[in-house]
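Because the structure is a prediction, the values reported are computed rather than measured. What's counted below: heavy atoms across the whole structure, side chains too, no hydrogens, waters or symmetry copies.
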Amino acid sequence: MNAAPAAVATAVVFVWLGMVLAISFLETPLKFRAPGVDIPIGLGIGRIVFRALNRIEIALALFALAAIVVGRPTGSIAALTAAILIILAGQLIAVRPQLNRRTDRVLAGQHPPRSTMHLYYVGLEAAKVLTLATLGICLLVAR
């Protein structure tokens, strides 16, 4: 892969990885431990934070994809890039809308049954973290 596009893609991927780790695996669980933060307040905050994160993730994904395509990627970098895009699309298209509907019900004062969608989202976040880390390392090596 060409050095300049690989460097740009590496930076973008590691910024993306850092954001996902900070929000999904640090801020989100800690928010519910803060005094005075009940489930509806935590869900309302989470909705705003994840909406912003997902928008930034889309921008970072497009930017990384552009740099990777311009840099003529190796097969493994292309496969990891495709995997990241599939994971993100799965979260945004299949899981987040269902989580949003459940959050709407909680914020409306209802008590819907527990959902496994949250577990799917966490699983996809973990897969995304591992794939982003692997992609970032492959990009470093490819320079």
**Q** What are the two closest heavy atoms between Val13 and Leu132, and how far apart are they?
**A** CG1-O, 3.3 Å
**Q** Tell me, please, which residues at least two apart from Arg47 pass salt bridge (Lys or Arg N to Asp or Glu O under 4.0 Å).
**A** Asp104
**Q** How far apart are the closest heavy atoms of Val95 and Tyr120, and which atoms are they?
**A** CG2-CB, 4.4 Å
**Q** Can you measure from CZ (Arg51) to CZ (Arg96) and round to the nearest 0.5 angstrom?
**A** 7.5 Å
**Q** Just grab all the ring pair (Phe, Tyr, Trp, His ring centres under 6.0 Å) pairs involving residues 72-101, residues at least two apart or on different chains.
**A** none
**Q** So, do Leu26 and Leu21 sit near enough that their side-chain heavy atoms are less than 4.5 Å apart?
**A** no
**Q** Is there a chain of hydrophobic side chains (I, L, V, M, F, W, Y, each step under 4.5 Å between heavy atoms) that links Trp16 to Val8?
**A** yes
**Q** For residues Met1 and Ile68, report the shortest heavy-atom separation together with the two atoms involved.
**A** CE-CA, 3.5 Å
**Q** Leu17, Leu88: one ILVMFWY side-chain cluster at the under-4.5 Å cut-off?
**A** yes
**Q** Can you give me the closest heavy-atom contact between Val20 and Lys128, atom names plus distance?
**A** CG2-CE, 4.0 Å
**Q** Could you note down all residue pairs passing ring pair (Phe, Tyr, Trp, His ring centres under 6.0 Å) where residues 33-53 supplies at least one of them, sequence neighbours left out?
**A** Phe50-Tyr121
**Q** With the side chain counted from C-beta on, respond yes when Ile41 and Asp38 share a heavy-atom pair under 4.5 Å apart, and no when they do not.
**A** yes
**Q** Give a yes or no on this: more than 12 heavy atoms of other residues, nucleotides or ligands lie within 6.0 Å of atom CZ of Phe14.
**A** yes
**Q** Decide yes or no for Leu53 and Ser24: does some side-chain heavy atom of the first lie under 4.5 Å from some side-chain heavy atom of the second?
**A** yes
**Q** Following the transitive rule for hydrophobic clusters with a side-chain heavy-atom cut-off under 4.5 Å over Ile, Leu, Val, Met, Phe, Trp and Tyr, establish whether Leu85 and Phe63 coincide in one cluster.
**A** no
**Q** Would you name the heavy atoms of Ala83 and Thr131 that are closest together and state the gap between them?
**A** CB-CG2, 4.0 Å
**Q** If I compare all heavy atoms of Ala94 with all of Pro97, which pair ends up nearest, and what's the gap?
**A** C-CD, 4.1 Å
**Q** Transitively linked via ILVMFWY side-chain contacts under 4.5 Å: Leu119 with Leu92?
**A** no
